[in-house]
2 protein chains.
Amino acid sequence: MMRLMARSSGAELALLLLGGFQSMVDDVVGELASRGHEGVRASHEFALRAIEEGADTATELGRRLSVSKQAAAKTIAALERLGYVERETDPSDARVKRLRVTARGHDMMTLGATLFTEVRDRWAAQIGAEQLDALEAHLAQLTKNRSAGTEGLARLGEDLGEAI
Amino acid sequence: MMRLMARSSGAELALLLLGGFQSMVDDVVGELASRGHEGVRASHEFALRAIEEGADTATELGRRLSVSKQAAAKTIAALERLGYVERETDPSDARVKRLRVTARGHDMMTLGATLFTEVRDRWAAQIGAEQLDALEAHLAQLTKNRSAGTEGLARLGEDLGEAI
DNA sequence: TATGGGTAGACAACCAGGTTGTCGACCCCG
DNA sequence: CGGGGTCGACAACCTGGTTGTCTACCCATA
């Protein structure tokens, strides 16, 4: 029996995709930390963006992120602790706690977006803008039948379990 | 202030990479489950491969996976429970429990590798083999300075935390 | 030969981020 | 005015990591 069986080319590709993702995220999160946003995780950025885009209650955030409302509530608690969102009871419906992204939250979102784009620009410089555009387009095509948006993030835990 | 701020193109790319990874893994794990390997996670496949390639003790597996030996021990326990590895005390060093991949373990690894490759082949059919090769080559180039191998997997939890 | 330093693995406590289930408060419709 | 559905809180639990501590063991050296 042969030892050291070659890693399948498919698995290689999966690892490469994961590595690319990790690389970007590590970079952005690290830079974010060094610019006054310690403790933030990429998930926070995505959740914050969802809130800003209208998911301004725990239940709705859970829906957008494809996660239970309890899980969303935990994320919100973290966001609140870090000063990125504020909660206040909706005057027109005493059941709901309305979420509002704070100024610091907006700062973080903006900086995060910028940092992500900077990484992408660096990549473009490295392999050529056309190549990177093509890579992105192909990836979009290959995953277009699945929910590749922010919702996908929610299933990361699950997929990670499966994936790591 | 404008609402609905566009997602940064960089973040978009990160999400695409993650989506691609998830897509492959979901596919493979699902197929594995339907072929007699229920309960296996992609991490198991990677850990098993590391064991087969020589990381045949808990401590060494931890090293390869960039994870604590305790975490490696938990993975090994899962692998053992699923019947993919066996442990026995090393006759020449009573401290170590030597790991051995079982026949079923080899089956799973082989099938997993095949399934990953099949997904890759499907992708090649979808966007063209040259395009996929180029995508892979570019990704490899972009991540070549980081440990893009199996070790990266271990940090998934961490990165996920950061990333989701 | 005794002893002590380093290593392997077991065990416990803990944490993060998910899950489900239950509950009280509340809205709104009939 | 009463009841069904929704919101958020709380509790218990799971998974897959972490650190710290402990015992058993190997090995080198005084």
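In what follows, chains carry the letters A, B, and so on, assigned in the order in which the sequence lines appear, proteins first and then strands, with residues in each chain numbered from 1.
Screening residues 125-134 of chain B for side-chain hydrogen bond (donor to acceptor under 3.5 Å, both in side chains) gives B:Arg120-B:Asp133 as the qualifying pairs, with residues at least two apart or on separate chains.
Between A:Glu60 and A:Arg63, at least one side-chain nitrogen of the basic residue sits less than 4.0 Å from a carboxylate oxygen of the acidic one, meeting the salt-bridge criterion. Between A:Glu88 and A:Lys97, no side-chain nitrogen of the basic residue sits less than 4.0 Å from a carboxylate oxygen of the acidic one, so the salt-bridge criterion is not met. Ion pairing of A:Arg122 with A:Asp27 is present here, as a side-chain N (NZ or NE/NH1/NH2) and a carboxylate O approach within less than 4.0 Å. Ionic pairing of A:Arg98 and A:Asp93 is not present here: no N-O contact between side-chain nitrogen and carboxylate oxygen is shorter than 4.0 angstrom.
Taking only side-chain nitrogens and oxygens, B:Arg41 comes nearer than 4.0 Å to OP1 or OP2 of D:dG16.
Here A:Ala71 pairs with A:Val67, A:Ser68 under the side chain to side chain contact (heavy atoms under 4.5 Å, CB included) rule; sequence neighbours left out.
Scanning residues 76-85 of chain A for heavy-atom distances under 4.0 Å to DNA chain C yields an empty list. Near DNA chain C, defined here as any heavy-atom distance below 4.0 Å, there are no residues from residues 30-38 of chain A.
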* Structure fact -> The contact string for nucleotides 5-12 of chain D, one letter per nucleotide 5' to 3', using protein heavy atoms under 4.0 Å with B, S and - for base, sugar-phosphate only and none, comes out as BBBBBB--
Please list, one pair per line, the donor and acceptor atoms closer than 3.5 Å that link side chains of residues 29-36 of chain A to other protein atoms, with sequence neighbours excluded.
| residue | atom | partner | partner atom | Å |
| --- | --- | --- | --- | --- |
| A:Glu31 | OE2 | A:Arg35 | NE | 3.2 |
| A:Ser34 | OG | A:Glu31 | O | 2.9 |

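Proximity of B:Asp56 to B:Arg100: side-chain heavy atoms (C-beta onward) are nowhere separated by under 4.5 Å.
Between A:Tyr84 and A:His106, a ring centre-to-centre spacing not shorter than 6.0 Å is recorded.
Spacing between atom CD of B:Glu88 and atom C1' of C:dA8 amounts to 16 Å, rounded to whole angstrom units. Residue A:Asp90 contributes atom CG, which lies 15 Å from atom C1' of C:dC28 at whole-angstrom precision.
Of the possible donor and acceptor atoms, none in the side chain of A:Ser23 sits under 3.5 Å from a partner among the backbone N and O of A:Gly19.
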